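Working notes for the structure below.
Just so we're clear, the structure is a prediction, and the values are computed from it rather than from any experiment. The analysis underlying the following values was restricted to heavy atoms, covering all of them including side chains, and did not include hydrogens, waters or symmetry mates.
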Amino acid sequence: MITSPLINTVIASLAAGSLSVVCAIFVVLTARPTWVPLLVSYAIGALLGAVFLEILPHAFTLSHNADLVSMTVLAGILLFFLLEKLVLWRHVHAHDMTEHTREAHESHHRTGAMVVVGDSVHNFVDGIIIAAAFVANTQLGIVTALAIIAHEIPQEAGDVLVLLHSGLSKRKALLFNLLTSVATLVGGVFACLALQSLQHSVPYLLAMAAASMIYVAVADLIPGLHRRIDVKESVWQVILIALGVASIHWMHILVGE
């Protein structure tokens, strides 16, 4: 029987995947990487806002063991650090565009296939996060999906730019982006169906989702902003981060019960 969380997860995953493709097409047509840092700043605020205003409060509410939820977040952050160290999960973000582009030309290991595999795993996990949020609460699912989508914009822009600068044609870069976007839907449907019979695990999966989003924001995105020390750019970074947090708060009010 089709459940409401499943329908919501499918809609949110399709929205995230569609926006990913649209973003990729836009980047290919405009090719202005200077816009990406602005999107990154907003994504940081949206991610952290979703974690501390929505995801963690719901995880603590659903669980009878707050200490275990906190330990799960800590363990998750350490796990994602190790995974990135082992190159099992590789985030390719727009703020590292200069570094990634240089690596693409200097190393034969930075291939289109590696980017596609890494992004597919990342999108699959995003689908699981969206599903867990909708299984827990519709409001939480909406806010989480919006935060994921906000995060997808700079990430997908960075992915396409990396593929283009590593020598792939525009057509192939767009094709790869389309293939990776499907992983969000696959992960979301898989997790949503599984979580229906594993309700007790939802608080801790939400904690792992929070850890993932904290790690992306703090370890992957924020360091790139520190490379831009211009006062004007720094002011815009703060404004857009605050706007990202505020958008999550406003969405909480709009969809609040």
Kindly indicate whether the side chain of [X], heavy atoms from C-beta on, has any atom under 4.5 Å from the side chain of [Y].
X    : Y    : answer
F134 : S4   : no
I44  : L225 : yes
E54  : T144 : no

Only counting residues at least two apart or in another chain, list the ones meeting side-chain contact (heavy atoms from CB on, under 4.5 Å) with [X].
X    : result
A15  : I149
I11  : I7
V182 : V186
D230 : K232, E233

Within this structure, what is the [atom1]-[atom2] distance for the pair [X] and [Y], rounded to the nearest 0.5 Å?
X    : Y    : atom1 : atom2 : result
L179 : L175 : CG    : CG    : 4.5 Å
M213 : D126 : CE    : CG    : 8.0 Å
L79  : L74  : CG    : CG    : 11.0 Å

Do [X] and [Y] share a hydrophobic cluster (ILVMFWY, side-chain heavy atoms under 4.5 Å, transitive)?
X    : Y    : answer
M71  : L56  : no
V218 : I241 : yes
F81  : V51  : yes
F80  : L82  : yes
L68  : L205 : yes

Exercise for review: For atom CZ of F190, decide whether the heavy atoms of other residues, nucleotides or ligands shown that lie under 6.0 angstrom number more than 12.
Suggested key: no
Determine the minimum heavy-atom distance between [X] and [Y], stating which atoms define it.
X    : Y    : result
P203 : L62  : CG-CB, 3.6 Å
I129 : S212 : CD1-OG, 4.2 Å
F52  : I214 : CZ-CD1, 4.0 Å
G76  : M208 : CA-SD, 3.8 Å
Y215 : I77  : CD1-O, 3.9 Å
L206 : I55  : O-CG2, 3.4 Å

Check your understanding: Given L185 and T9, is the side-chain contact (heavy atoms from CB on, under 4.5 Å) satisfied, shown in steps?
Key -> CA-CA 8 Å; L185 178 61; T9 298; over 6 Å; no
Practice item. Could you tell me which residues satisfy side chain to side chain donor-acceptor pair (under 3.5 Å) with S63, sequence neighbours excluded, listed by chain and number? Key: Y204
Point to revise | side-chain contact (heavy atoms from CB on, under 4.5 Å) evaluation trace for Y42 with I239 | key: CA-CA 8 Å; Y42 176 82; I239 291 174; over 6 Å; no
Study note, to complete from the structure: The side chain to side chain contact (heavy atoms under 4.5 Å, CB included) partner of S13 among V189, N123, T184 is T184
